[in-house]
Amino acid sequence: MTAPQIGVLALQGAVAEHVRALAASGAEVRTVHRPAELEGLDGLVVPGGESTTMARLAAPVRLMEAVRERHDAGMAVFGTCAGLILLAESVADAEALEGFERIRGLDVRVRRNGYGSQLDSFTEDLAVAGLPGEEHPLSAVFIRAPLIEELGEGVEVLAASEVAGTQGTDGERSPVAVRQGRLLGASFHPELTEDTRLHQLFVEMAGGA
Ligand SMILES: NC(=O)CC[C@H](N)C(=O)O
């Protein structure tokens with residue numbers, strides 16, 4: 001079997017760390033800056049960073065639209081943190097993103113910085129459904145993370161956080177890793193630890209699992 005071809009959207013953000021984690025997970029990896037570079041990819045990671053910056057940088061070459069079209073044609077997409085914001089069907093406080101295309105498609109509503117500011121960044125051990133060695137928690141790093149406020153019917157929750165968002169989810173566990181068909185989303189930064197199991201799950205998904 002040939003290795004799944006996975007791209008990392010490389011406009012801004014945590015690109016190199018995703019490349020390393022994907023390569024360690026058996027993928028053939030390349031960075032993507034332009035629509036033509038999406039050709040032939042089985043999957044694309046949209047990294048964390050700053051969603052507004054990425055949306056602005058993508059606009060002149062219509063990269064968000066191109067990713068959406070490739071996803072419609074079968075490419076899997078994994079959005080982490082800012083990448084999740086770009087993948088979400090709806091953003092609660094979208095003023096800063098207004099007028100800019102996003103990928104969309106993942107049937108969730110997110111709130112940017114929904115766990116608070118940089119100072120409220122945290123690490124949490126999560127149980128994630130469907131990972132190899134599921135009984136070992138995944139150490140998840142949250143940095144100005146988006147809060148998933150609402151989920152559509154077809155969205156499966158793989159992990160939830162004990163930490164409540166700043167608005168509306170008091171006392172409830174908030175979903176922080178979700179899957180809907182060939183879309184995967186995480187509020188946190190899976191590329192910042194040595195644990196590559198979520199990347200492995202995505203590489204398998206993109207390869208047809
Ligand atoms: N670490 C991150 O990716 C932060 C995301 C950032 N708060 C945004 O809105 O894009």
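Residue numbers count from 1 along this sequence. Order of listing sets the numbers, starting from 1, for every ligand and every atom in it. Only heavy atoms go into these numbers, but all of them, side chains included; no hydrogens, no water, no symmetry mates.
For atom 5 (C) of ligand 1, the closest heavy atom belonging to the protein is Gly49 O, 3.4 Å. Remark: minimum distance from atom 10 (O) of ligand 1 to any protein heavy atom is reached at Ser51 N, 2.6 Å. Scanning all protein heavy atoms for the shortest distance to atom 7 (N) of ligand 1 gives Asn113 OD1, 2.7 Å. Regarding atom 2 (C) of ligand 1, its nearest protein heavy-atom neighbour is Cys81 SG, 2.8 Å. Nearest non-hydrogen protein atom to atom 9 (O) of ligand 1 is Arg112 NE, 2.7 Å. Closest protein heavy atom to atom 1 (N) of ligand 1: His189 NE2, 2.8 Å.
Ion pairing of Glu149 with Arg109 is present here, as a side-chain N (NZ or NE/NH1/NH2) and a carboxylate O approach within less than 4.0 Å.
For ligand 1 and Gly48, the ligand atoms under 4.0 Å from any heavy atom of the residue are 3 (O). In the vicinity of Arg144, heavy-atom distances shorter than 4.0 Å reach the ligand 1 atoms 4 (C), 5 (C), 6 (C), 7 (N). Heavy-atom contacts of Ile85 reach the following atoms of ligand 1: 8 (C), 9 (O), 10 (O) (cutoff under 4.0 Å).
Side-chain atoms of Arg197 do not come within 3.5 Å of backbone N or O of Leu131 as any donor-acceptor pair. Here the side chain of Arg102 pairs no donor or acceptor atom with the backbone of Ala55 at under 3.5 angstrom. Of the possible donor and acceptor atoms, one in the side chain of Thr80 sits under 3.5 Å from a partner among the backbone N and O of Gly48. For the pair Asp93 (side chain) and Arg112 (backbone), a donor-acceptor distance under 3.5 Å is present.
Taking distance alone, with nitrogen or oxygen atoms compared against 3.5 Å, Ile143 approaches ligand 1 more closely than that limit. Any N or O atom pair closer than 3.5 Å counts here, and Thr52 shares no such pair with ligand 1.
Looking at Thr80 against ligand 1, nothing comes within 4.0 Å, counting heavy atoms.
Aromatic ring pairs are classed by plane angle as parallel below 30°, tilted from 30° to 60° and perpendicular above 60°; the pair Phe122 and Phe142 is parallel.
Within the structure, the closest approach of Met54 to ligand 1 does not fall below 4.0 Å when heavy atoms are considered.
When the options Ser161, Ser121, Ser187, Ser174 are evaluated for a side-chain hydrogen bond (donor to acceptor under 3.5 Å, both in side chains) with Tyr115, the one that passes is Ser174.
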Original post:
Checking salt bridge (charged side-chain N to carboxylate O under 4.0 Å, His left out) for the pair Glu162/Arg173: CA distance, chi angles, key distance, verdict?
Top reply: CA-CA 5 Å; Glu162 303 273 356; Arg173 292 169 71 90; 2.8 Å; yes
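With rounding to the nearest 0.5 angstrom, the NE2 atom of His18 is 13.5 Å from the OG1 atom of Thr31.
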